[in-house]
Amino acid sequence: MITEELKKADTIPSEIIEIVRDSVINTFASISGDTPTCLEDEEPAGPLNGIIGNIAVFNPELTFSLMMAIPKETALNLSEAFIGVKLPFDSHDMGDLIAEIANILAGDVAASIEKVGFRGQSSLPTATRGSDLTLFMPNRPPSAKMKFTGAMGEFMLSMVLSESK
Amino acid sequence: MSKIKALVVDDSKIMRSQVKRALDQLMIADFEYVEAMDGEDALDKFNNDDEIQMIFVDWNMPKMTGVELSRAVRDTGNTDIPIIMVTAEKSMGKVDKALNEGGANEYITKPFTADKMSKAISRYIGEDGGLVSENEDDDSEKKSFFSSILNS
């Protein structure tokens, strides 16, 4: 049972990381028409000036938290690709849009990891806008970071595995 | 062209706009919209508006999910109104739950195109742009639709 294996894991299994990476690529390709590339082994650069879309895929035992860190320019490009207009970065609609993209990503991740035995559901998404933002993980849970680039610009995804509470 | 009053339910204003835009792009009916931001809000609007003829509903919303809303509408005895799930949930278990437990007629995954929307709703709309009542083969059509997803 993959849930039992995951509960004992010190790191997120590469199989899960690959599933999430593919989901990110599929999701952004379907939204923007451009297929982003995952930059292997490249650490996210510095603090973020942009917006973070947060969502979780969870079951009663385990939670996968997904945090999409979208720089301002990438967010503006995504809004134009997805809804046809560049939304003002500071608008409520921009938060709504990034949260919805997180929601679409989580739907894809949930369907894909179900195929390897983890049945979960998506939480409601949230978005956090700000400057000089740094993501850090207290207590060092199993986590992974990925950086992507494409016609929309760069963006990052952080994933954390934790026990559900 | 006849008017069709559609209830569009999503906690995302952006997605409500996307649904309305896709429907308007189809130009197969003159849609009039009522919007709701969660299942409870939608059920309240539905119960107080006899003219609502179609429902487009997200799954994952606060207070009441789209499937709960769909079930609540069906439990009022309203079996005719087309309910179209428009959701990011795409696992087969979720599709099955929406169509069978929730009583939804169609299932569209986000992000969607006007073409995908057209395929889902065209059989509910007549040549005059009005709503056509479902025929008795609906269950078999639904199963066929479900099967086509499973086999894709």
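Remember, it's a predicted structure, so these values are computed and weren't measured experimentally. Per chain, numbering begins at 1; letters A, B, ... match sequence-line order.
Heavy-atom distances place the backbone of A:Ser123, and not its side chain, under 4.5 Å from chain B.
Side-chain contact of A:Asn77 with A:Glu80: a donor-acceptor pair under 3.5 Å is absent, judged by distance alone.
Applying the 6.0 Å contact sphere to NZ of B:Lys90 captures more than 12 heavy atoms from other residues, nucleotides or ligands.
If you tally non-hydrogen atom pairs under 4.5 Å between each of A:Ala110, A:Gly84, A:Ser122 and chain B, the highest count goes to A:Ser122. Interface summary for chain B: among A:Leu105, A:Thr27, A:Asp93, the most heavy-atom pairs under 4.5 angstrom belong to A:Asp93. Among the candidates A:Leu87, A:Asp108, A:Ile31, the residue making the largest number of heavy-atom pairs closer than 4.5 Å to chain B is A:Asp108.
For the pairing with A:Ile101, the side chain to side chain contact (heavy atoms under 4.5 Å, CB included) check across A:Ile70, A:Asp96, A:Ile55, A:Leu78 returns one residue only, A:Leu78.
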| query | Does the side chain to side chain donor-acceptor pair (under 3.5 Å) test come out yes or no for B:Tyr107 and B:Asp96, once each step is laid out? | reply | CA-CA 10 Å; B:Tyr107 198 96; B:Asp96 182 37; over 6 Å; no

